[in-house]
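Only one structure is covered here, and it is reproduced in the block below.
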Amino acid sequence: MDPAERTELVARHTEEVVTEAELAALFDERDSPSVYIGYAPTGEMHIGHYTTIRKLADFIEAGLEVTVLVADLHAHLDDAKSPFELLEARSAYYRTAIEAMIEAAGADPAGVEFVRGTDYQLEEPYTLELYRLLAGTTLSRARRAGSEVVRQSENPNLGGLVYTLMQSLDVAALDADIVYGGIDQRGIYMLAREQLPERGHEKPVCVFAPLLSGLTGGKMSASESGSKIDLTDDDGTVAEKVQAAYCPAGELEDNGVMEYLRYLVFPVFEERGEALVVERPAEYGGDLSYGGYDALESDFVSGELHPADLKPAAAAAIADVIAPVRERLLEASTLLEDAYPETYG
RNA sequence: CCGCCCUUAGCUCAGACUGGUAGAGCAGUCGACUGUAGAUCGACUUGUCCCCCGUUCAAAUCGGGGAGGGCGGACCA
C-alpha cells in the first residue's frame, strides 16, 4: 500500500485530521507509525464507542502500531466517575469490550497493544514531568482544554485539571506519532501539540472521530437510555429503540439512524462483503438493496427511501453488528456484575 | 479552630418566617395526527421532603444532635 492509500485509509470516516499533510509526511518517513487512543473506564460502553473503535481496523490495515490506553486513573480523576475500588473491574470490562468490538469489526485484537494508566502513570519520570507541566500551565488554559471532556460543575475538583495535563503527557509517554479520539478530545490534544514540542517531544498528528447523534435527536446522552444503543441490547431492544428514533424523512441532520449506518454498519458490512437489504411493501415499490452508504443516502435524501421502511432494516443490521460483542460480554459471567454492581448486582 | 448558607420528583427549584400528611418547569409514560420518529394537541405518572431524637392532636415546616456539600474569617513562627 502506498503512502497516499494509507493516508486515505486512516483519514476516512473521520471528522478532522490535524493535519493531513503531517499524516502523509509521517507515512513517507516511517514504515509503521504508532497511534494511540485512550478510554477512561467509566460508564458502560455503547454504540458510540463502537463506531470509534471500528476505525482501529482501518489503522491496523494501514500498518499502524495501535495502542489502546485504558486510562483507569482518569476514570477516577474526572469527578470520581468511577469509584476508586471499581477501577480494576471496569478496566477489565473495558478491555474485553474493546477487544470484542475490534474482532466484530473484522480485525484481530491481537494486533492491538493494551496499556493500563496505572502501568506507567505512577512511575517517577511520568510524575516528575506531570509536576513540571502543572507548574507551567495556567488554570484557565487547562480548564479550556478539558471543557468538552471533563465533567463540568459549579464546584469542580482539581482532578479534572490534572486529568487534562495527564492526557497531554500520555501522548509523549506512550510515544505516539498519532493520537486518535472523538472530536470532543480536540481541546486536550491541541494543548498537547502546544506543550510537547517545548519539552522535546514531537507534535502528534491528531485524528478525530465524529460524535454521532443520539437516537432521540440531539447529542447522544449516556444518561438517556433511549438515545443510544447499548452493547448488551438484544435484537428486540435494538428494534424498539430504532423504531422510536428521531428520523425525519430526507433529513440527515441529527439523524442517528443514518449516522450509525454510515459509520458503523456499512464499514462492517463492506468488510464482510454484505449488502443492506431493505424490505419494502410492493405498494411502495418493493425491496431495495444497498452495497454502500452513498446509494442509500441519495435514496433517503430524494425521498425514495422512507424512514418507516428503513428503520426495521437498520435495526436488524445494527443488532447484527453488535451481536458478537453482546455475546462475548454476557458469556463472561461476572465481568459486568463486578464492574457495575449497581446495575447488574 | 470559628462563623454563615445549602440538602424537597430523574433534573432545576418553589413551599419553611405565620405547623394541617407537597408543588411548578423540564424529563418520562400513554393516546390523537402524520406510512417512522419528531413537532403539535389531549391525558397521566412520579417523592424514605438528607438521617436520628424531641415538642405537638398534627412536623418538609419548630427545637436539639448528626451526615454530606458550599462560602467566609482567623492563625501566619
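Just so we're on the same page: letters track the sequence lines, and every chain starts at 1. As the structure is a prediction and not an experimental result, all values here were calculated from the model. All values below come from the heavy atoms of this structure, side chains included, with hydrogens, waters and symmetry mates left out.
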Do R116(A) and D119(A) meet the salt-bridge criterion of a basic N to acidic O distance under 4.0 Å?
-> no
Atom pair distance, as rounded to whole Å: CG in L215(A) and C1' in U36(B) | 13 Å
In the structure shown, which nucleotide is the Watson-Crick or G-U wobble counterpart of G63(B), with both distances under 3.5 Å?
-> C53(B)
G19(B) to C57(B) separation - P atoms, rounded to the nearest Å | 15 Å
What integer distance in Å separates Y284(A):OH from G35(B):C1'?
-> 4 Å
Mutual orientation of the aromatic rings belonging to H46(A) and H49(A) [parallel < 30°, tilted 30-60°, perpendicular > 60°] = tilted
Taking S34(A) for the side chain and D177(A) for the main chain, is one N or O donor matched with an acceptor at less than 3.5 Å?
-> yes
Between G38(B) atom C1' and L252(A) atom CG, what is the distance in whole Å?
-> 16 Å
Steps toward side-chain contact (heavy atoms from CB on, under 4.5 Å) verdict (T52(A), Y39(A)) = CA-CA 11 Å; T52(A) 306; Y39(A) 286 98; 3.5 Å; yes
Taking the same atom, P, in C5(B) and in C52(B), what whole-Å distance lies between them?
-> 24 Å
Whole angstrom is fine here: how far is it from CZ in F300(A) over to P in G35(B)?
-> 16 Å
Please determine, for G19(B), whether a Watson-Crick or G-U wobble partner exists with both distances under 3.5 Å, and give it or none.
-> none
Yes or no on side-chain contact (heavy atoms from CB on, under 4.5 Å) for Y180(A) and Q185(A), after CA distance, side-chain angles and deciding distance?
-> CA-CA 9 Å; Y180(A) 174 56; Q185(A) 309 290 317; over 6 Å; no
Any salt bridge between R54(A) and E271(A), counting N to O under 4.0 Å?
-> no
Could you state the CG-P distance from L261(A) to A37(B), rounded to the nearest angstrom?
-> 18 Å
Is any side-chain N of the basic residue among R272(A) and D320(A) closer than 4.0 Å to the acidic one's carboxylate O?
-> yes
P spacing across the pair G54(B) / A59(B), given as an integer number of angstrom = 12 Å
Counter-base of C71(B), judged by Watson-Crick or G-U geometry with both distances under 3.5 Å = G3(B)
Is there a Watson-Crick or G-U wobble partner for C11(B) with both distances under 3.5 Å, and which nucleotide is it?
-> G25(B)
Between C51(B) and C4(B), how far apart are the C1' atoms? Round to whole Å, please.
-> 22 Å
Given Y290(A) and L261(A), is the side-chain contact (heavy atoms from CB on, under 4.5 Å) satisfied, shown in steps?
-> CA-CA 11 Å; Y290(A) 298 97; L261(A) 289 169; over 6 Å; no
Across all strands, who's sitting opposite U48(B) as a Watson-Crick or G-U wobble pair, both distances under 3.5 Å?
-> none
Atom pair distance, as rounded to whole Å: CD in E279(A) and P in G35(B) = 22 Å
Where the side chain of S168(A) meets the backbone of T164(A), is there a donor-acceptor pair that is under 3.5 Å apart?
-> no
Going by heavy atoms closer than 4.0 Å, what residues in residues 308-317 of chain A are next to RNA chain B?
-> A308(A), D309(A), K311(A)
Rounded to whole angstrom, note down the C1' distance from G38(B) over to G28(B).
-> 16 Å
Sort me out a list of protein N/O and nucleotides 69-73 of chain B N/O pairs below 3.5 Å, or just none if empty.
unit_1: G70(B); atom_1: O3'; unit_2: N155(A); atom_2: OD1; d: 3.3

Can any side-chain N or O of K55(A) pair as donor or acceptor with the backbone N or O of V10(A) at less than 3.5 Å?
-> yes
Let me know the distance between NZ of K241(A) and C1' of G38(B), rounded to the nearest Å.
-> 19 Å
In whole angstroms, the gap separating C1' of G68(B) from CD of E154(A) amounts to 16 Å
Using atom P of each nucleotide, how far apart are U12(B) and G70(B) to the nearest Å?
-> 15 Å
Paired to U40(B) by Watson-Crick or G-U wobble criteria (both distances under 3.5 Å) is A32(B)
Residue E124(A) excluded, over 12 heavy atoms near CD under 6.0 Å = no
Rounding to the closest angstrom, what is the interatomic distance between A43(B) and C26(B) at atom P?
-> 14 Å
U18(B) to C76(B) separation - P atoms, rounded to the nearest Å | 43 Å
